[in-house]
Engineer: 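The structure's right below; bear with me while I get my questions together.
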Amino acid sequence: MTIRIYNSLGRTKEDFRPLDPNMVRMYVCGITAYDRCHIGHARSAVVFDVVVRHLRRQGYNVIFIRNFTDIDDKIILRAREEGVTTTKLAEREIRHFTEDMDALGVLPADVEPRATQHIPEIVSLIETLIASGHAYEASGSVYFSVRSFPAYGALSGRNIEELRSGARIAPGEEKRDPLDFALWKASKPGEPEWESPWGKGRPGWHIECSAMAMKYLGPTIDIHGGGLDLIFPHHENEKAQSEAATGRPFVRYWMHNGFVTIRGEKMSKSLGNFVTIREILSAHHPEAIRLFLLSKHYRSPLDYSEELLAESEAALERCYAALADAKKALSSCGERDRPLTDDLNEAASVVESIKERFDLAMADDFNTASAIGHLFEGVRALNRLSQSAVKAPSRRYHRPLTAGVAAIREIAGTLGILSQDPETFLRRKNLDAIARLGMDEAGILAAIERRASARAARDWTTADTVRSELERMGILLQDGPEGTTWTMKRQTQAETQGGQRP
RNA sequence: GGCGGCGUAGCCAAGUGGCCAAGGCGACGGUCUGCAAAACCGUUAUUCCCCGGUUCGAAUCCGGGCGCCGCCUCCA
């Protein structure tokens, strides 16, 4: 199936044809390691994680690189404020990031290179650019000459002359053109520094990505990803310096994810309206967070709110409940050969077709929102089969139930959800919830016992009193053929109002 | 100012020329149940911000409004 990708360069959807038919070279800009990551960083990571997972499931051999910027102005500034070295600060934040990613189920990249560990490659790339007249040295710094690269502005759709009129040269910079950008920055006293042919200094921000991408993936890579805000100047500059150095196209498909907003505004440090990944993880299941992040197409803005996260959580629970029910149904469908009704045959065919429809949605520029729609159609069809299988057992349920569970798990695997055992997930969720309320299960089980005796005696008043007492604490009872089970009441919108966060 | 995006049910969100406008959350009615819950079934947008136009036919294309947002400086 041909995948179509919206290419930021050209702003159209194009058929995806990697340089080598079965291999995908992919690079995504990671974080600058100076502070905790928020849900916006999580979105970028999860979106490209899903791209990698999907490409791999389609049979591509994906080489995936995600870098860490571990030296830059912000890191130097923050390290100074905290009185630690830039290395220590970066190490710490990289560790936090890695922990966040592990928690979110984001697969590690094949290589996670750091700028400071690639100084020789960076220096060598800069030397090439100087030799070919695309860069020049001035007082120990090296700048890229934008004028020397006529295609500059093509990626971001910017007009060079307009950019030039708005740009200015900062004090201490010796640029020949206001648009020129630093490849190498001469160090100021007290700053971290590395040896170079131009004296001690450190790499500029953009050059590290070119050097590392080309080191691990070669001069032309298939997919380069990052947040929308990286298009200009970061990716424009990366493209210019890489192509100036090699004379070959740097990236075949540029992908940019949209922002996470909060109350309609971009989440950012400067506005102070950000919510860290860690905060959200403390209140929500990681897979619910993934489902939320994937609920909208990756290029559109996604508005964050507690209510929407709670909705995703409810939707996720529904999926797990369906898998758990299907398992039970499977064990009770028996050997009797009873034909299925038309609508059940239809449910069976829905279940058998969701993989294909899911892949079709994903092939259209990774339309996860649409793909999730198909997933839920599968869930409903599976529920229908499970319910009938219990009511009117027949061995004819065996195949669609088994296929349905397998299909749902497989496509969910592309999204990085439904990876746990359903019973374990549901039980854990309940135990976690009562633990948060400071309760334990013994009390609940005792109450269920009391109610069971009352019910046996047909004392409905007592039975209902016990049940409503538990319900007031947020615990719902479910009477089934094998006795009574308990579960936590789902949070509704009304109940989450004025919830955990302002 | 330049460039770009968005406006679909109570909320979230697919769909970008033609089957009844996906799916999720919520709400309501039904099946089930002692009553419930869960699940299932049904209902919940004669209509896609507004006004014109093109077309046999438009949420989808064109023109004009209105509203919201982003980039143009570090930013996922």
Side-chain angles (χ1 to χ4, degrees), chain A residues 8 11 28-32 34-35 37-48 72-74 77 153 156-159 161-163 165-168 170 205 225-234 256-261 264-270 291-292 295-297 299-303 305 307-308 310-319 321-322 325 343 347 357 361 364 367-380 383-388 390-391 455 458-461 463-464 467-468 471 476-480 484-487 489-494:
Chain A
S8 301
R11 293 183 183 141
V28 171
C29 285
I31 56 155
T32 298
Y34 79 106
D35 204 350
C37 292
H38 56 64
I39 182 78
H41 299 97
R43 184 184 193 191
S44 184
V46 167
V47 160
F48 290 109
D72 94 319
D73 292 347
K74 287 195 296 290
L77 192 72
S156 55
R158 292 203 150 59
N159 179 307
E161 287 316 315
E162 280 171 11
L163 283 174
S165 67
R168 60 195 167 82
W205 174 35
L228 209 51
D229 46 2
L230 295 182
I231 291 183
F232 189 87
H234 185 54
H256 292 98
N257 65 277
F259 301 122
V260 173
T261 59
E265 289 193 314
K266 182 182 172 184
M267 190 178 280
S268 74
K269 303 260 167 172
S270 51
L291 193 58
F292 166 70
S295 66
K296 204 168 170 186
H297 185 86
R299 281 187 282 114
S300 305
L302 172 69
D303 204 51
S305 75
E307 290 73 24
L308 292 173
E311 278 186 27
S312 292
E313 196 124 42
L316 179 71
E317 284 168 27
R318 194 168 154 227
C319 294
D325 287 350
D343 50 323
R357 290 191 289 152
D364 182 15
N367 192 336
T368 52
S370 175
I372 288 168
H374 295 306
L375 171 67
F376 277 99
E377 282 173 26
V379 165
R380 179 190 287 159
N383 275 332
R384 212 175 293 179
L385 290 164
S386 300
Q387 178 156 304
S388 303
V390 171
K391 269 192 195 155
R455 290 182 76 211
R458 307 186 71 79
D459 177 3
W460 308 127
T461 316
D464 290 353
R467 185 171 62 196
S468 43
E471 189 172 350
L476 290 180
L477 297 187
Q478 296 177 12
D479 298 325
T484 300
T485 56
W486 64 274
T487 185
K489 207 171 171 177
R490 273 181 192 167
Q491 288 198 315
T492 62
Q493 287 188 24

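Here is the naming used below: chain letters follow the sequence lines, and residue numbers restart at 1 for every chain. These figures come from a predicted structure and were not determined experimentally.
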Engineer: From the list B:G4, B:U73, B:A76, which nucleotide is the closest neighbour of the side chain of A:T32?
Structural biologist: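 The answer is B:A76, which lies nearest to the side chain.
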
Engineer: Take atom P in B:G63 and the same atom in B:C71, then report the distance between them in whole Å.
Structural biologist: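 Looking at atom P only, B:G63 and B:C71 are 26 Å apart.
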
Engineer: Is there a donor and acceptor pair, one atom on the side chain of A:R380 and one on the base of B:C40, closer than 3.5 Å?
Structural biologist: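 Result: no qualifying N/O pair found.
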
Engineer: CG of A:N383 versus P of B:G23: gap in Å, rounded?
Structural biologist: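 So the CG-P distance, A:N383 to B:G23, works out to 14 Å.
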
Engineer: Nearest whole Å is fine: how far is B:G26 C1' from A:L308 CG?
Structural biologist: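 In whole Å, B:G26 C1' lies 12 Å from A:L308 CG.
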
Engineer: Are A:W460 and B:G34 stacked, counting the six-membered base ring, centres under 5.5 Å, planes under 30°?
Structural biologist: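 Yes.
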
Engineer: Any heavy-atom pair between the side chains of A:S370 and A:D364 that's under 4.5 Å?
Structural biologist: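 No, too far: nothing below the 4.5 Å cut-off.
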
Engineer: Does A:D343 make a side-chain donor-acceptor contact with the base of B:C41, cut-off 3.5 Å?
Structural biologist: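 Side chain to base: no pair present.
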
Engineer: Using a heavy-atom cut-off of under 4.0 Å over every strand shown, decide if A:G227 touches base, sugar-phosphate, or nothing.
Structural biologist: sugar-phosphate

Engineer: Heavy atoms from C-beta onward define the side chain here; which of B:G23, B:G70, B:A39 lies closest to that of A:E265?
Structural biologist: B:G70

Engineer: C1' atom, B:U60 versus B:U47: distance in rounded Å?
Structural biologist: 13 Å

Engineer: How far, in whole Å, is B:G18 from B:A76 if one measures between their C1' atoms?
Structural biologist: 40 Å

Engineer: For the side chain of A:H41, starting at C-beta, report the closest nucleotide among B:C40, B:A76, B:G23.
Structural biologist: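 When the side chain of A:H41 is considered, B:A76 is the closest of B:C40, B:A76, B:G23.
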
Engineer: When the P atoms of B:C61 and B:C28 are compared, how many Å lie between them, rounded to an integer?
Structural biologist: 38 Å

Engineer: Considering only the P atoms, how many Å lie between B:G15 and B:G67, rounded to the nearest integer?
Structural biologist: 27 Å

Engineer: Counting only side-chain heavy atoms from C-beta out, which of B:C72, B:G34, B:C3 sits nearest to A:R11?
Structural biologist: B:C3

Engineer: Which part of the nucleic acid does A:L477 contact within heavy-atom distance under 4.0 Å: base, sugar-phosphate only, or nothing?
Structural biologist: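 Base: the residue A:L477, judged by heavy atoms under 4.0 Å, touches a nucleobase.
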
Engineer: So, does the side chain of A:D464 form a donor-acceptor pair with the base of B:G34 at under 3.5 Å?
Structural biologist: yes

Engineer: Salt bridge or not for A:K296 and A:D303, using N-O below 4.0 Å?
Structural biologist: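 No salt bridge links A:K296 with A:D303.
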
Engineer: To the side chain of A:L476, which of B:A37, B:C71, B:C35 is closest?
Structural biologist: B:A37

Engineer: Nearest to the A:E311 side chain among B:A76, B:G34, B:G24, which nucleotide is it?
Structural biologist: B:G24

Engineer: Checking all strands, does A:G40 fall into the base, sugar-phosphate, or nothing category for heavy-atom contacts under 4.0 angstrom?
Structural biologist: base

Engineer: Taking the side chain of A:N367 as heavy atoms from C-beta outward, which of B:C35, B:A14, B:G24 is closest to it?
Structural biologist: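 Minimum distance to the A:N367 side chain belongs to B:A14.
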
Engineer: When you compare B:G64 with B:G26, how far apart are their P atoms, in angstrom units rounded to a whole number?
Structural biologist: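 Roughly 43 Å separates the two P atoms.
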
Engineer: Provide, to the nearest angstrom, the distance between the CZ atom belonging to A:R384 and the C1' atom belonging to B:A38.
Structural biologist: 17 Å

Engineer: In whole Å, measure the gap between the P atoms of B:U16 and B:G30 for me.
Structural biologist: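 Taking atom P in both B:U16 and B:G30, they lie 38 Å apart.
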
Engineer: Report yes if a side-chain nitrogen or oxygen of A:R357 is closer than 4.0 Å to either non-bridging phosphate oxygen (OP1 or OP2) of B:A14; otherwise report no.
Structural biologist: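 A:R357 to B:A14 OP1/OP2: no side-chain N or O under 4.0 Å.
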
Engineer: So A:K296, base contact, sugar-phosphate only, or nothing? Heavy-atom distance under 4.0 Å.
Structural biologist: sugar-phosphate

Engineer: Let me know the distance between NE2 of A:H234 and P of B:C72, rounded to the nearest Å.
Structural biologist: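 Result: 14 Å.
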
Engineer: Students often get this wrong, so: under 4.0 angstrom with heavy atoms, is A:Q387 touching a base, only sugar-phosphate, or nothing?
Structural biologist: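 Since a base atom lies under 4.0 Å of A:Q387, the category is base.
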
Engineer: For B:A76, does either OP1 or OP2 sit under 4.0 Å from a side-chain N or O belonging to A:N257?
Structural biologist: no

Engineer: Using 4.0 Å as the upper bound for N to carboxylate O, is an ion pair formed by A:D35 and A:K74?
Structural biologist: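 No salt bridge links A:K74 with A:D35.
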
Engineer: Return the nucleotide paired to B:U47: Watson-Crick means purine N1 to pyrimidine N3 with N6-O4 or O6-N4, wobble means G-U with N1-O2 and O6-N3, both under 3.5 Å.
Structural biologist: none

Engineer: In whole angstrom, give the distance that lies between atom CZ of A:R318 and atom C1' of B:A37.
Structural biologist: 15 Å

Engineer: What is the distance from CD of A:E377 to C1' of B:G23, rounded to the nearest Å?
Structural biologist: 7 Å

Engineer: Respond yes when some side-chain nitrogen or oxygen of A:K266 is under 4.0 Å from OP1 or OP2 of B:A76, and no when none is.
Structural biologist: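 Result: no.
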
Engineer: Work out how far the C1' atom of B:C25 is from that of B:G1, and round it to whole angstrom.
Structural biologist: 42 Å

Engineer: If I take atom CD in residue A:E307 and atom P in nucleotide B:C25, what distance separates them, rounded to the nearest angstrom?
Structural biologist: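 Taking CD of A:E307 and P of B:C25, I get 16 Å after rounding.
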
Engineer: Picking from B:A13, B:C71, B:A36, which would you name as closest to the side chain of A:R158?
Structural biologist: B:C71

Engineer: Counting side-chain heavy atoms from CB outward, which of B:C35, B:A14, B:G15 is closest to A:R467?
Structural biologist: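 Taking heavy atoms from C-beta onward, the closest nucleotide is B:C35.
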
